[in-house]
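We count ligands from 1, going down the list as the structure has it; atoms in each ligand are counted the same way.
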Amino acid sequence: MKITSLLFSFLLFFLLHSGSNAQQPANRVLNYLDYTTQSKPERGFPLFENGDAAVLYVANSDEAGVKRVAKLLQKDILKVSGVEPRLVISDTIPGAEHLIIIGTIDKSPVLQQLAEKGVVSVDDVKGMWEATVVTTVKTPVEGVQSALVIAGSDKRGTIYGMFDLSQQMGVSPWYWWADVPVKKKNQLFVKGGRYVSESPKVKYRGIFLNDEEPALGNWVRENFGDFNAQFYDKVFELILRMKGNFLWPAMWGKAFYDDDPQNAELADEYGVVISTSHHEPMMRAHVEWDRYGEGSWDYNRNADKLKEFWRVGIDRMGDNESLVTVGMRGDGDEPMSTNRNIELLSDIIDNQRRIIAEETEKPASQTPQVWALYKEVQDYYDMGMRVDEDITLLYCDDNWGNVRRMPGEEERQRIGGSGMYYHFDYVGGPRNYKWLNTSPLPRVWEQMKLSYAHGIDQLWVVNVGDLKPMELPIQFFLNLAWNPDAMGTEELDAYPGYWAAQQFGAEHAEEIAHYLRQYTKFNGRRKPELISPDTYSLTYYNEFERVVTEYDDLARNARVLYNDLAEEQKDAFYQLVLFPVEACANLNRLYYVTAKNRLYAGQNRVLTNVMADSVEYLFQKDQEMADYYHTEMADGKWNHMMSQTHIGYTYWQQPEQNNIPETQRIENKSSGELGVAVEGSEEWGPDVSQTLEMPVFYEIGKQSGYVEVFNRGTIPVAYELEVSDSWIVPESLEGQIDTQKRIRISVDWKKMVPGVNQGILTIQGRDDSVDVLVKARKFAPDELQMIQGFVETNGFISIEAEHFSDKNQVDGLEWRVIPDLGRTGSSVTVSPVTAESRAPGDEMSIDYPVHFTDTGEVTVYAHFAPTLNYTGGEGFRYAVGFEGEEPVMVNIHEDETHADWQSWVANNVNICSSKHKINQSGNHILKFYMVDPGLVLQKIVIDSGGLKPSYLGPEESPFVYH
Ligand code: REL
């Protein structure tokens, strides 16, 4: 028999459940081809060696965007090799020993000739959307010894082909946007062969720059003057380097087309598809109505002026590759009215399409359009409103990363298909989240894979706020969008490591991946804007202390690594890793210390004012970190980027400036007075109404607890400890307290009898004494022998969902662990997510062995990710029961209210419960049954009478196996 620690049981179950976690190749995870090598291959093509680089060639007749990006590739090769290759843009192919022929199949005569002669074959990608073929050829034409051909099926296919090479050479998409240094190489070759990148699975993949004041806005104005083409040049390049193709431009007081006419021209040249956000129809920024609109934004009263206004948008768009938003919301991202007037909205869309047809002089169906089912607009759809089937239906999340509705069979047949609008940043209730990255990748993966499995593959667009500091999730989102099928749980798990390696090299990648995973997990379970002194429990399960310690450890270790890194990596590491980790660790500590200050003030602890001082210090430190980011890091390149307020929210909207949490100060007595508190109790002495009581000790599990003795004045107090029974073992028997200290208490099992042992620990001060009741539950040897599973202690059992002992599944269905998805551990879900619902039965269940020391009624709390009722049916159900018991069915969306939703997203969990009866103490199996797919189970907590309030639930219970 073994009693396992949390870590051990984790490892055990990990081995049991994770199967082989074979590492995926980096290029598969980060979505680029893999054909370069640093060692000279037998048959291959030298990109650069011996201070010489192959010549780049683009036909004059090729797309302007291709020529532009060829210049970027030229610079990238210079960055890596130190040699600037010659770039020839001409009608004729230049003579060169080694030539890189770059071309779009139907725009490059050279490519066409080579294809006709059978020197290169492009047939398999020709006419495809954004595909690329890369191949090496010997003497393709006279005067060229060898060539590397990068051929695109269309403009973006060619551009992606070039940026693909850049990534392989070691130029991160973030080389400029996050100062990721480029590692020099003295030679690089292409392995001989033919490499194909097929069309992406999702047609339009992009980002929305939004909520961009004050951070991005001030940074842009300081560096570019305005949101003009110089700024967007950087944005377009970044999007294309990650193989995205779509943008909703910034719109807080900004108008992409109107602010700088070159914005749209440049986008079109690059091949970035422009649209306007969900509530800005017809290619016009909402702010343009303020600038040029006449009358009210009200179609009932002002239709003619609105139509005129929209006509300008379509006319101005011209032939630029665009996705036209149709529909209408009220003025400034509000509902149009309280009722859902379907007739009116249908009329609006009909008229918009008429304008599109007239202005483009072709049927409306030939201009790609999108109708966003955002917030109340989804009601129109649910109430039966339908639009022409060439219009893409843009489904939306709830602004908090939980998808609201999936297309049904009928929608999946539509020509325009469907898209998803997702959020990494939001302004709105229950609270803005705009400061740092709070989106753990596993949830993004799970929700977007779910969307894809339901046929959402026309458009994926994500709100990225100021763009920085969302670097990691942005790239993940775009990589995932390229081919969701290629990103399974293994790739998901491997992603942070490969991403870290791309930015910082392989040496520290796994360590950095750990920081990335952890900080996003911590921020995901409670967004920084929502943390308060009351979020985590100060009293129970040492919760607040554990949260803060975990974060502090992360910050300390990340700082150590920062100090070790090469000088040129520090800026990138600071902005991508260290700043979010340190700033959030600091923020958590700030609220923790505030909570302590308030607790201490009520107890007159001498450290009360010290806590208040700490709050001031940490508040100041928050500003200092932002100052460093703004003025010192990367020589001040990112000034303003971290200026989003984040401390002192009182309602959903942000505070004007950060406000320090309120603290209390006390008049410290010039005496010495003893105070005593114990772990896991709100009570304290000596003014206590009942005896203080520590959590019960169990032979299995945590083997020590503490009492905290504190001074309520400034003169040191001496104290002594006495025990009623020799099995109570304090770490010391006397001492003196200046301020406060924790005294560790353990027990000696050998001196106890089986059953519950009780004793008293007395803390004796000069004038006062405090009694603490100590209980210890010793198992009889035969009882200890038979214990199996998670053991009930202190009236509860807590289990991480991934730690089931057994799974039963039917053909075609699988219980799947999603690594790291959850507030504390990983999650379990059923795959495929599109499976049919089923009646609960043993054949589709997972088992959790548990051990109860007592009998009686218990409540089983199941913690789920806040998945919404995206089918629009009766809600999602699961069932749970102990072996032999009729499963109890629970609907996680039962009687859902707006307040429920607010608490699910704020707490990032939906906790459901069911009641059960334990008639016999001892071992049992808790069975969790599938009913509906789509649920993401994170944790199970069984309350057998002792569960205390906390945010995350207790740490996992001790586990015993034989
Ligand atoms: O996050 C959203 O989708 C909305 O809040 C925004 O689209 C909206 O434009 C808001 O920034 C202001 O109008």
Hey, does [X] come in under 3.5 Å of ligand 1, counting only N/O atoms on both sides?
{"X": "Tyr421", "value": "yes"}
{"X": "Tyr426", "value": "no"}
{"X": "Ser277", "value": "no"}

Looking only at heavy atoms of His286, does any of them come nearer than 4.0 Å to an atom of ligand 1? no

Heavy atom of Glu280 under 4.0 Å from ligand 1? no

Per-atom contacts of ligand 1 with [X], taking only distances under 4.0 Å to non-hydrogen atoms:
{"X": "Met251", "answer": "9 (O), 13 (O)"}
{"X": "Phe208", "answer": "7 (O)"}
{"X": "Asn463", "answer": "1 (O), 2 (C)"}
{"X": "His279", "answer": "7 (O), 8 (C), 9 (O), 13 (O)"}

Nearest to [atom], what protein heavy atom do you find, and at what distance?
{"atom": "atom 1 (O) of ligand 1", "answer": "His423 NE2, 2.8 Å"}
{"atom": "atom 6 (C) of ligand 1", "answer": "Asn210 OD1, 3.3 Å"}
{"atom": "atom 12 (C) of ligand 1", "answer": "Trp252 NE1, 3.4 Å"}
{"atom": "atom 8 (C) of ligand 1", "answer": "Asp333 OD2, 3.0 Å"}

Could you check whether [X] makes a cation-pi contact with [Y], meaning its NZ or CZ is under 6.0 Å from the centre of the six-membered ring and within 45° of the ring axis?
{"X": "Lys637", "Y": "Trp176", "value": "yes"}
{"X": "Arg525", "Y": "Tyr951", "value": "no"}
{"X": "Arg405", "Y": "Tyr381", "value": "no"}
{"X": "Arg156", "Y": "Trp129", "value": "yes"}

Is any side-chain N of the basic residue among Glu237 and Arg241 closer than 4.0 Å to the acidic one's carboxylate O? yes

Do you know which of Asn402, Asp820, Asn908 makes side chain to side chain donor-acceptor pair (under 3.5 Å) with Arg443? Asn402

Take atom [atom1] in [X]; do more than 12 heavy atoms of anything else shown fall under 6.0 Å from it?
{"X": "Asp319", "atom1": "CG", "value": "no"}
{"X": "Lys305", "atom1": "NZ", "value": "no"}
{"X": "Arg291", "atom1": "CZ", "value": "yes"}

